[in-house]
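See below for the structure under consideration.
Since the model is a prediction, treat every value here as computed from it, not as a measurement. Heavy-atom basis, side chains included; hydrogens, waters and symmetry copies ignored. All chains are named by letter (A, B, ...) in the order of the sequence lines, taking the proteins before the strands, and each is independently numbered beginning at 1.
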Amino acid sequence: MAGSETVIQEYPDIAIRLNVNGRDYVVTVKPYERLIDVLRYKLGFTSVKEGCGRGECGACVVLMDGKLVPSCLVLAIRANGSKIVTLEGLAPEGKLHAIQKAFLDTLGVQCGFCFPGVIIATKYLLDRVSDPSDEDIKNYLEGQLCRCGSYLRFIKAVKLAVKYIKEGKIYFDLKEVKG
Amino acid sequence: MRGWGIQRFNVYIPSSLEDALKVLSEKGSEVTLLAGGTDVLVLARTNIVKLKLVLDLWPLRKELSYVKKEDGYIKIGALTTIDEIYNSFLTKDRRYYGFHDLYWNFGTPYLRNLATAGGNIGTAHPLSDLSILLLTLGAEVKLTSISGERWVPLEKMFLDIRRLNRRPDEMITEIRFRETPENSSTALMKLDRRKGHAMGYIVTAAYMALEGDTIANVRIAFDSTGKPYPGRAYKTEEFLRGKELSLETIREAYNVLEKEMTRISDYRAPAEYRVDLSKVLMKRCLLLIKSRIEGGV
């Protein structure tokens with residue numbers, strides 16, 4: 001109504017709709033909750049890690065409508081109606097994606113805290129550049145911090161993943177994965 | 001623990017620009033504008049700022065996210081992300097290759113998908129890369145409020161670190177700069193120990209127009225020239241204008257820059273080093289622009 005003061009309710013519950021990994025969810029959130037809180041604590045996608053909580057480490061990145069975003073810097077209400085892909089949604093149940101297989105084959109994962117973010121960032125890279133050079137890989141993975149220092153293995157792993165995808169092997173059965 | 005470390009605040013989701021401006025005019029002083037969120041939410045997370053009412057500008061992206069040419073101006077909507085600027089015609093135009101440098105020097109891929117042009121100016125932080133580049137293009141900022149709009153030159157926007165020349169009921173809605181002549185180009189450079197996620201000990205951007213070997217026009221901006229916000233080196237520009245571009249000229253300009261600039265010492269770099277770096281990056285920027293005008297990258 002024109003002229004009337006805008007009334008704002010204190011911390012209301014807001015229902016938002018999210019499509020996470022191809023499945024629709026309706027979640028009630030508070031205005032100050034972040035996407036990472038909803039994904040981890042309300043929907044149980046625990047591959048989304050809170051490393052720093054301030055967009056520096058890249059452990060919490062997800063694909064939101066195809067764009068790589070840190071879920072710790074996105075308010076849940078802002079994600080309303082969007083399509084989100086986390087590590088869990090990369091391959092169908094019981095299978096591993098070529099990127100995951102490549103990271104295992106090259107021992108690119110050490111402690112494993114950063115690697116859900118790294119794999120999602122790799123997916124984002126391969127969506128944009130199908131045959132990345134070393135420089136591309138460095139440019140796209142520059143925000144993924146790894147305290148174990150596996151950075152050189154990341155490059156090897158991404159190259160191996162590209163090889164798998166070129167050969168048409170996108171999903172692997174768990175049996176095919178060593179270890 | 002659920003919602004670990006994040007404070008409580010209310011969020012207003014506007015349905016249109018008009019709606020957002022109405023809320024701003026009513027509750028201006030208690031409102032925090034949230035554009036990309038790559039700065040505000042970090043400050044909130046670390047309890048540096050207390051948020052009361054947040055006005056989420058993301059829904060306004062349908063109105064305020066664009067890069068276009070109009071009436072001799074390049075216009076950038078305030079909510080255009082760095083990624084969208086990179087994917088626009090700007091980075092394909094030799095004159096604006098500075099935006100290419102900007103993209104690859106700006107934070108990380110995931111921050112470039114959130115950080116916006118207006119937010120970069122609104123943050124009023126010395127290391128706002130886009131503001132530094134826009135300073136060299138002589139950009140103006142459109143501030144809109146419910147009672148009207150006004151254009152402010154970008155160099156008059158900053159008052160202090162994190163303090164903007166903006167009334168509480170105004171918001172940045174557009175940035176524009178005049179199209180530059182054919183024989184000109186831009187560049188941005190940053191120096192840090194690492195390339196990824198770099199803040200930069202210093203950030204330098206420059207715009208230069210050449211006529212033959214003579215500098216027809218030049219604008220040089222740094223992350224700081226003495227004040228804690230991005231600024232231009234006017235005296236150095238004045239010195240360079242009309243001279244022939246050569247290493248000797250640039251070396252002479254070093255002396256002018258040295259007198260004009262005051263730098264701070266902190267845990268990242270001492271002031272003398274920062275001044276030295278400023279000179280070197282100014283030289284590199286000008287030489288890079290020369291090669292860009294001549295057809296290189």
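A salt bridge between B:D266 and B:R274 is present, with a side-chain N of the basic residue lying under 4.0 Å from a carboxylate O of the acidic one. Ionic pairing of B:R45 and A:D37 is not present here: no N-O contact between side-chain nitrogen and carboxylate oxygen is shorter than 4.0 angstrom. No salt bridge links A:K67 with A:D65; every basic N to acidic carboxylate O contact stays at or beyond 4.0 Å. At a threshold of 4.0 Å, the pair A:D134-A:K159 counts as salt-bridged, since one of the basic side-chain nitrogens sits closer than that to a carboxylate oxygen. For B:K22 and B:E26, the salt-bridge test passes: some basic side-chain N is under 4.0 Å from an acidic carboxylate O. A salt bridge between A:E10 and A:K30 is absent, with no side-chain N of the basic residue lying under 4.0 Å from a carboxylate O of the acidic one.
Aromatic ring centroids of A:F115 and A:F103 lie 6.0 Å or more apart.
Of the listed residues A:Y32, A:Y124, A:Y140, the one with more heavy-atom pairs under 4.5 angstrom with chain B than any other is A:Y32. Interface summary for chain A: among B:V42, B:N113, B:L41, the most heavy-atom pairs under 4.5 angstrom belong to B:N113. When each of B:L43, B:V40, B:I13, B:L34 is checked for heavy-atom pairs under 4.5 Å with chain A, B:L34 comes out on top. For the set B:V11, B:L111, B:T38, the entry with the most heavy-atom pairs within less than 4.5 Å of chain A is B:V11.
In this structure, the portion of A:I77 lying under 4.5 Å from any heavy atom of chain B is its side chain and not its backbone. Within the 4.5 angstrom heavy-atom criterion, no atom of B:D19 approaches chain A. In this structure, chain B has heavy atoms under 4.5 Å from both the backbone and the side chain of A:V69. Residue contact with chain B, scored on non-hydrogen atoms closer than 4.5 Å, involves the backbone of A:C57 exclusively. Contact annotation for B:F9: both backbone and side-chain heavy atoms come within less than 4.5 Å of a heavy atom of chain A. B:R194 does not touch chain A: none of its heavy atoms, backbone or side chain, sits under 4.5 Å away.
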